[in-house]
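In what follows, every chain begins at residue 1, and chains take the letters A, B, ... in the order their sequences are listed.
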2 protein chains.
Amino acid sequence: MKKNELIIECSIEKALNIIGSKWSFLILRELFCGTKRFGELERAVQGISPKALTDTLRHMEANDILVRDVYPTVPLRVEYTLTEKGQDFHKIIKEMKIWGSKWG
Amino acid sequence: MKKNELIIECSIEKALNIIGSKWSFLILRELFCGTKRFGELERAVQGISPKALTDTLRHMEANDILVRDVYPTVPLRVEYTLTEKGQDFHKIIKEMKIWGSKWG
DNA sequence: CAGCATCCAAAAGGATACTG
DNA sequence: CAGTATCCTTTTGGATGCTG
């Protein structure tokens, strides 16, 4: 829903737009445990394709939810770490877990 | 992401699948204030089309997040009310509002 | 390893017109 | 009023092949 992003302004819509998609929730959950590499995320997030993973990570990076650190070694090493903003999302994920285990 | 619904089983994925889309969050927010009619929701949820609203409401009804009450008057009157399961989602929305206003 | 580019299929969602 | 039906556009995401 790209067009709506212009209309949207309340705090919950902001949160939804910053997050972007369902994938972000799943990536966030993985990164709460700590820094992870691209390949680790690819394996941890069930069913995600490299393309979707890249797209989502870029979106999250652009929204200051995580930082991307590149170590120019051979082989290449890229790590993703949550920012404070990303870490603070933990409360929401936690409530979702509670809700999911209660009602799922 | 239909195919993933089969793989997915953790509580947070359950929550995400039950919710379905971004629209659900916005509809939920409206219904926390109390029962609303189709037209009221259509006006309250900025930018939603009747089709998207219908689809989302049907999905939420199928997942026991809300109930649909039809009053066969003229003109027709249909009301949507959150179930206990839907009401319980309030904690999540609340945390999202807090996050959104803090970081948005 | 960590991707990007390209192509393509599926799904979501908007617009419009019509109905009980 | 509260939708449904249809059509069509946009978006998402999978598959594949290639690269620094």
TODO: To the nearest 0.5 Å, tell me how far A:Ser24 OG sits from A:Ile65 CD1.
DONE: 6.5 Å
Task: Under-4.0 Å side-chain N/O to phosphate OP1/OP2 contact, B:Arg37 with D:dA2 - done: yes
Open item on the list: From the set D:dC1, C:dG13, D:dA2, return the single nucleotide nearest to any side-chain atom of B:Arg68.
Closed with: D:dA2
Open item on the list: From CZ of B:Phe38 over to C1' of C:dG20, roughly how many Å is that when rounded to an integer?
Closed with: 15 Å
Task: Gap between atoms NZ and C1', on B:Lys22 and D:dT11 respectively (whole Å) - done: 11 Å
TODO: To the nearest 0.5 Å, tell me how far A:Leu41 CG sits from A:Glu79 CD.
DONE: 10.5 Å
Task: Whether over 12 other heavy atoms sit under 6.0 Å from A:Lys85 NZ - done: yes
Task: Between C1' of D:dC1 and CG of B:Leu53, the distance in whole Å - done: 13 Å
Open item on the list: Please pick, from C:dC4, C:dG14, C:dA2, the nucleotide with the shortest atom-to-atom distance to any side-chain atom of A:Arg58.
Closed with: C:dC4
- [ ] Anything under 30° is parallel, anything over 60° is perpendicular, the rest tilted; go ahead and classify B:Phe89 against A:Trp99.
- [x] perpendicular
Task: Whole angstrom value for the distance that separates P of C:dG3 from CD of A:Glu42 - done: 10 Å
Open item on the list: Let me spell it out: for each of A:Ala52 and B:Leu76, pick the nucleotide of DNA chain D with the closest heavy atom. Which residue's pick is nearer the 5' end?
Closed with: B:Leu76
Task: Below 4.0 Å: OP1/OP2 of D:dT12 and any side-chain N or O of A:Trp23 - done: no
Task: Approximate separation, where rounding is to 0.5 Å, of B:Ile93 CD1 and B:Arg29 CZ - done: 8.0 Å
TODO: Provide, to the nearest angstrom, the distance between the CZ atom belonging to A:Arg43 and the C1' atom belonging to C:dA2.
DONE: 12 Å
- [ ] Measure the distance from OH on A:Tyr71 to P on C:dG3 and round it to the nearest whole Å.
- [x] 13 Å
- [ ] On DNA chain C, check which nucleotide each of A:Val78 and B:Ser49 is closest to and give me the residue with the more 5' one.
- [x] A:Val78
Task: Residue whose closest nucleotide on DNA chain D lies nearer the 5' end, B:Thr54 versus A:Pro50 - done: B:Thr54
Task: Short side-chain N/O contact to C:dA2 OP1/OP2 from A:Arg77, under 4.0 Å - done: no
- [ ] For A:Lys51 and C:dC8, give me the distance from atom NZ to atom C1', rounded to whole Å.
- [x] 11 Å
Open item on the list: Expressed as a whole number of angstroms, how long is the span from B:Ile27:CD1 to D:dA2:C1'?
Closed with: 14 Å
